[in-house]
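First comes the structure, then the notes that go with it.
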Amino acid sequence: MKAFPDKYDAKAAEAALNARWADEKAFQWDPGAPADSDYVIDTPPPTVSGALHIGHVYSYTQADITARYMRMSGRNVLYPIGWDDNGLPTERLVEKVKKVRGGTMAREDFVALCKDVIPEYEQQFRDLFTRLALSVDWSREYQTISDESRTISQMSFLDLYHKGLLERRLEPSLWDPADRTALAQAEVEEIEREGKLNEIPFQIEGGGEPAVIATTRPELIGGCGALMIHPEHPRAQELVGKRAVSPLYNVPVPIIADEAVDPEKGTGMVMCCTFGDIQDINWWRAHRLPLRIVIDRAGKMVDQLEIGTDDWPSLNLEEARETIAALAGLKAAKAKEAILEILKEKGLLLAQKTTHQVVPVAERSGAPLEIIVTPQWFIKTLEFKDQILEKANEITWRPAYMKQRLESWVEGLKWDWLISRQRHFGVPLPVWYSKRAGEEGKMITPTADQLPVDPMTDLPEGYEAHEVEPERDVMDTWATSSVSPQLNTRAINEDYALDIDSHRRQFPMALRPQAHEIIRTWAFYTIVKALHHQNTVPWTNIAISGWCLAGDGSKMSKSKGNVVDPIKLLDQYGVDAVRFWTGTSRLGQDTALSENTLKQGKRVVNKLWNATKLAHMALKAADEAGALNPTTAREDIDSGAISHPLDQWLLGRLAETVKAATESFESYEYANAQRVIEDFFWRTYCDNYLEIVKRRTRFEGAPSPEDVSACLTLWHATDTIVRLYAPFTPYVTDSLYDVLYGDQDGAAATVHARGQWPKAQDQAEPGVNRAEGEAFTQILAAARKVKSEAQVSMKTPASTLTVVGDHDLSALIGETVEDLLAVTNAETAQTGDAPADAKAAGSPDERFTVALQLQPQEK
RNA sequence: GGGCGCGUAGCUCAGUUGGUUAGAGCACUACGUUGACAUCGUAGGGGUCACAAGUUCGAAUCUUGUCGCGCCCACCA
């Protein structure tokens with residue numbers, strides 16, 4: 001046992017222990033351990049976008065608390081770490097740092113800049129995660145853009161492509177005109193705003209009352225292919241079968257009845273354009289309407305419409321051309337204003353109503369989305385909804401109700417998963433298109449052993465550069481991060497593998513920790529990939545963390561100015577205290593950053609230190625007297641070495657705590673574990689037991705058997721408490737562990753090593769001497785209350801302590817009267833009637849009344 | 001519109017399968033404290049468990065409904 005250091009310096013401990021853990025490779029996965037002891041975690045690779053926020057601290061600590069417990073409990077934990085360092089957020093960061101725009105430069109040049117900028121920002125994460133004491137295996141660090149990740153990601157592509165689950169299709173898809181790329185359904189957000197619902201007349205061919213449609217997007221009139229009306233609409237009979245003529249463009253379009261038109265909305269008639277929304281696509285397909293594109297990839301009005309042809313006739317071509325010219329090149333929003341002006345001038349804007357509008361926008365850029373027809377790559381999901389839901393059911397969701405988010409997402413899917421992006425920095429789609437005579441447009445893919453490839457610079461085997469056209473698109477980062485388990489197990493399946501043995505052993509994984517806002521992306525996509533590649537689940541458990549909110553329960557955001565800098569927080573409270581705060585949070589639930597709880601964390605660290613310091617004095621003395629030879633609590637009780645009833649009681653309570661904490665951890669309820677540990681440590685151990693045991697720890701020379709009993713108990717309690725707190729407050733516990741074990745041969749170097757969690761079979765009998773211990777603490781509390789009410793010091797001596805009434809004291813509290821006298825500073829104890837000059841108080845459970853004859857204190 | 005979560009002390013939250021008198025920390029009040037700890041201790045005050053009805057010997061807990069907050073999904077002319 002080492003000497004006890006004077007003071008605990010959290011910052012110094014953080015630095016020293018990190019160095020030691022790295023040195024000893026304390027958190028490396030052990031390939032030599034049996035496979036059934038593996039516990040593999042699919043760690044979220046944080047997006048390299050330049051932002052460190054408190055949410056990182058919060059959610060990664062939640063995962064680490066569980067990881068540390070799992071390792072201590074004996075599992076062979078593989079806890080990798082990676083960085084998601086390609087895709088739009090990373091492009092944005094690089095553009096900001098380097099003051100460039102990716103779209104205006106050659107791809108290679110931009111990628112070179114990315115590779116230049118990224119390392120610094122990954123180092124920020126590395127520093128933060130190290131300081132946070134994430135017990136990740138740093139030898140398993142990966143990047144989603146590395147050669148190996150690109151290989152695995154392209155393997156995933158090839159497997160799905162050859163299975164027919166991934167295909168290139170020319171069809172309408174969601175388009176972000178600001179970033180000029182296609183998007184997946186999951187990247188759509190909605191904003192609410194005031195809009196204008198415009199009523200505009202369409203003349204009826206052959207005369208008659210015009211059909212008035214209502215639209216919020218008049219700029220799309222040029223793309224109108226039909227006028228839709230509900231079959232029950234009063235004018236349906238009259239109009240269906242006739243043709244309406246679009247204003248300004250004068251294009252005759254069929255009037256079609258369709259149940260999907262809401263007769264209550266607007267005028268009950270609506271134009272179908274290519275494309276205003278998803279309903280337009282449905283009508284376009286169902287009624288085989290013409291494709292009339294009026295908005296380009298930049299979200300601007302096309303200036304050369306092929307209007308005036310047989311397929312796209314106009315009854316007044318001159319006016320149509322004037323309209324086209326007037327709008328040419330304007331962005332959709334400007335074009336809307338312009339066309340409304342024209343309509344107004346010509347008396348064609350019959351009414352305009354303000355309406356509450358929900359507009360789909362791109363999550364990243366915030367730009368309103370367009371639907372545009374472009375060739376894109378899709379992974380099939382729509383026809384697999386049932387299988388996806390089945391797999392979701394095979395996974396244990398923690399908390400269980402979070403599964404419903406995935407279910408409602410899957411049920412609402414409208415698009416296959418679009419993975420191609422018209423961007424610059426991502427994993428390339430491994431495809432070429434042949435230009436050879438006779439096979440023009442044929443898709444050529446590499447073989448697995450040629451990966452990774454960049455079709456822009458590499459060539460397919462047997463082809464010359466002039467014979468192929470490279471695919472220029474890159475994959476969305478989700479297409480790669482959705483194989484994060486496989487990036488770590490190093491294979492997609494039996495057919496596509498870098499290391500099939502590790503994949504067979506480690507896949508599916510044990511745990512995916514992640515936040516709830518990416519259920520519809522990361523969790524969903526990862527499940528889809530595992531289904532398509534191997535018809536399995538990617539992991540058996542998914543633990544969903546909530547958000548970290550500001551102290552007042554509101555969302556943290558830059559605009560509100562309530563963002564907390566994680567580094568400052570760690571400096572102010574110490575990592576252990578911040579982790580303690582995280583440890584009070586529950587999975588799935590948002591947690592407000594609480595100064596109280598952070599302070600409480602600091603108190604716990606301090607209390608752990610001081611309680612151990614007190615115990616250490618006695619332990620050290622007993623050790624030097626050669627009297628401290630602990631085995632396990634159970635054996636020391638069985639052998640008679642721990643003989644005192646209150647020692648056994650304490651260890652019995654400790655055993656109950658170990659049991660409850662273990663059960664909580666096994667069901668991923670670490671907050672409950674922390675609470676029961678805290679309750680035992682502070683209330684039972686510090687407030688009561690440490691006070692009670694002082695009498696038997698201040699021995700001179702050789703300790704008596706009951707002193708030895710006390711010291712052995714202190715040893716087991718201290719040792720076990722340090723282990724119980726270890727997953728939560730790794731620095732102070734490992735510092736204390738080092739004091740207890742640092743110079744012992746054969747002891748593990750760190751409390752965080754595999755197998756260090758207290759074992760049930762080593763504990764005392766849970767609940768042993770519970771009745772005596774409780775009676776004792778109740779009587780003690782009553783005695784304290786007497787002194788508190790008398791407003792005297794707890795040390796005030798009493799000549800007698802009376803447990804009022806007909807009690808058998810030794811039956812109640814065992815042979816512990818001497819302890820009771822010492823801890824209450826009383827001379828004698830008795831039962832029966834209270835002396836006339838005694839002051840009395842009841843115990844908290846009202847079972848006892850305790851009277852003390854207090855002796856006047858001399859100053 | 002459908003669904004999920006939450007609503008318990010002034011604040012932040014716990015409350016296991018229904019079971020004596022609903023708990024903790026912070027805050028508040030009083031008192032105490034020269035050897036583990038003022039980052040402390042002891043005691044105290046403070047709750048119609050959102051509301052209503054029901055089931056039950058018994059409800060914070062189960063059922064139904066209402067209200068409020070947050071979120072997910074859908075609609076979106």
Side-chain angles (χ1 to χ4, degrees), chain A residues 4 8 190 192 195 197-199 213-218 220 228 260-262 265-273 276-280 355-360 399-414 516-517 519-520 546-547 549 551-555 577 581 584-586 588-597 599-618 660 663-664 669 671-672 675-676 678-679 682-683 686-687 690-691 694 698 780-781 783-796 841 844-846:
Chain A
F4 209 89
Y8 179 60
E190 288 167 344
E192 299 187 24
L197 188 59
N198 305 285
E199 293 188 8
I213 61 109
T215 181
T216 54
R217 298 210 55 186
L220 294 180
M228 312 302 295
V261 182
D262 183 346
K265 246 177 213 167
T267 59
M269 286 182 274
V270 58
M271 62 173 180
C272 173
C273 305
D277 61 22
I278 205 164
Q279 184 57 256
D280 286 343
T355 174
H356 183 74
Q357 227 185 343
V358 181
V359 182
Y401 61 76
M402 281 293 175
K403 186 171 74 183
Q404 274 147 349
R405 295 223 184 165
L406 186 93
E407 285 170 347
S408 57
W409 174 251
V410 171
E411 281 156 13
L413 279 179
K414 296 257 182 322
H516 58 52
E517 83 270 20
I519 289 174
R520 71 182 194 180
W547 272 333
L549 305 174
D552 62 357
S554 69
K555 229 167 135 177
W581 161 72
T584 62
S585 72
R586 294 202 300 170
Q589 281 198 320
D590 296 346
T591 304
L593 190 60
S594 156
E595 204 187 324
N596 271 344
T597 312
K599 279 187 192 161
Q600 203 183 333
K602 234 177 151 174
R603 287 194 328 139
V604 167
V605 169
N606 181 61
K607 192 83 172 175
L608 270 172
W609 182 261
N610 283 300
T612 308
K613 187 173 172 187
L614 175 64
H616 183 268
M617 293 179 201
E663 284 168 2
S664 295
E669 289 169 12
N672 198 48
R675 201 167 33 247
V676 298
E678 172 98 344
D679 185 59
W682 210 292
R683 303 268 79 89
C686 291
D687 289 350
L690 284 183
E691 294 302 327
K694 276 176 180 168
R698 291 177 177 165
L780 172 56
R784 284 168 169 165
K785 192 170 174 180
V786 173
K787 291 183 182 178
S788 190
E789 284 174 353
Q791 303 198 337
V792 297
S793 156
M794 288 302 130
K795 289 189 168 173
T796 307
D845 67 358
E846 297 180 5

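The chains referred to below are lettered A, B, ... by the order of the sequence lines, with proteins before strands, and numbering in each begins at 1.
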Classify the nucleic acid contact of Trp581(A) as base, sugar-phosphate or nothing, counting any heavy atom under 4.0 Å across all strands shown.
nothing
Any side-chain N or O of Lys795(A) less than 4.0 Å from the OP1 or OP2 oxygen of G35(B)?
yes
For a quick check under 3.5 Å, do Arg603(A) and Asn606(A) share a side-chain donor-acceptor pair by atom type?
no
So, is Arg520(A) near the phosphate of C73(B), with a side-chain N or O under 4.0 Å from OP1 or OP2?
yes
Which of the following nucleotides, G32(B), C72(B), A14(B), is nearest to the side chain of Ser408(A)?
C72(B)
Heavy atoms under 4.0 Å, any strand shown: does Ser788(A) hit a base, just sugar-phosphate, or nothing?
base
Looking only at side-chain N and O atoms, does Arg675(A) come under 4.0 Å of OP1 or OP2 in U16(B)?
no
Just call it for Gly412(A): base, sugar-phosphate, or nothing, with non-hydrogen atoms closer than 4.0 Å on any strand.
sugar-phosphate
Closest to side chain of Val358(A), choosing from G25(B), C76(B), C31(B):
C76(B)
Base, sugar-phosphate, or nothing for Glu846(A), non-hydrogen atoms under 4.0 angstrom?
base
Base, sugar-phosphate alone, or nothing: which one does Glu678(A) contact when heavy atoms must sit under 4.0 Å apart?
nothing
Touch class at under 4.0 angstrom, heavy-atom based, for Lys265(A) against every strand present
base
Of the candidate nucleotides C73(B), G41(B), C37(B), which contains the atom at the shortest distance from the side chain of Trp409(A)?
C73(B)
May I ask you to say what Met617(A) touches in the nucleic acid, namely base, sugar-phosphate or nothing, with a heavy-atom cut-off under 4.0 Å?
sugar-phosphate
So, under a plain 3.5 Å distance rule, would you say the side chain of Ser594(A) forms a donor-acceptor pair with the base of U12(B)?
no
Just to confirm, is there a sub-4.0 Å distance from OP1 or OP2 of C75(B) to any side-chain nitrogen or oxygen of Lys414(A)?
yes
Just the rounded figure in Å: distance from P of C72(B) to CD1 of Ile519(A).
10 Å
Base, sugar-phosphate, or nothing for Arg217(A), non-hydrogen atoms under 4.0 angstrom?
nothing
Assign Glu190(A) to base, sugar-phosphate, or nothing according to its heavy-atom contacts below 4.0 angstrom with the strands shown.
base
Please determine, for A22(B), whether a Watson-Crick or G-U wobble partner exists with both distances under 3.5 Å, and give it or none.
none
Remember a base hit wins even if backbone is also touched, and classify Leu197(A) as base, sugar-phosphate or nothing at under 4.0 Å, heavy atoms.
sugar-phosphate
Does Arg586(A) put a side-chain nitrogen or oxygen below 4.0 Å from OP1 or OP2 of A14(B)?
yes
Please state whether the phosphate of G41(B), meaning OP1 or OP2, lies under 4.0 angstrom from any side-chain nitrogen or oxygen of Trp682(A).
yes
If you check the Ala781(A) side chain, which of A14(B), A43(B), C37(B) turns out closest?
A43(B)
Under 4.0 Å, counting only non-hydrogen atoms across every strand here, what does Thr215(A) touch: a base, just sugar-phosphate, or nothing?
sugar-phosphate
Polar side-chain atom of Lys607(A) near backbone of Trp682(A) as donor-acceptor pair, under 3.5 Å:
no
Have a look at Lys555(A) and say if it touches a base, only the backbone sugar-phosphate, or nothing, with a 4.0 Å heavy-atom cut-off.
nothing
For C11(B) and Gln600(A) - does any side-chain N or O of the residue sit under 4.0 Å from the phosphate oxygens OP1/OP2?
no
Pairing nucleotide - G32(B), Watson-Crick or G-U, each distance under 3.5 Å
C40(B)
Across the strands shown, which category fits Asp679(A) at heavy-atom distances under 4.0 angstrom: base, sugar-phosphate, nothing?
nothing
Choose from C72(B), A36(B), A43(B) the nucleotide whose nearest atom is closest to any side-chain atom of Arg405(A).
C72(B)
From the set A43(B), G41(B), C4(B), return the single nucleotide nearest to any side-chain atom of Tyr401(A).
C4(B)
For U56(B), which nucleotide in any strand shown is its Watson-Crick or wobble partner with both distances under 3.5 Å?
none
Reckon Asp687(A) touches a base, only the sugar-phosphate, or nothing at all at heavy-atom distances under 4.0 Å?
sugar-phosphate
With both distances under 3.5 Å as the test, what is the Watson-Crick or G-U wobble partner of G68(B)?
C6(B)
Looking only at side-chain N and O atoms, does Lys785(A) come under 4.0 Å of OP1 or OP2 in G44(B)?
yes
Would you kindly say whether Asn596(A) and Ser594(A) are connected by a side-chain donor-acceptor distance under 3.5 Å?
no
When you measure from the side-chain N and O atoms of Lys607(A) to the phosphate of G41(B), is any distance below 4.0 Å, counting only OP1 and OP2?
yes
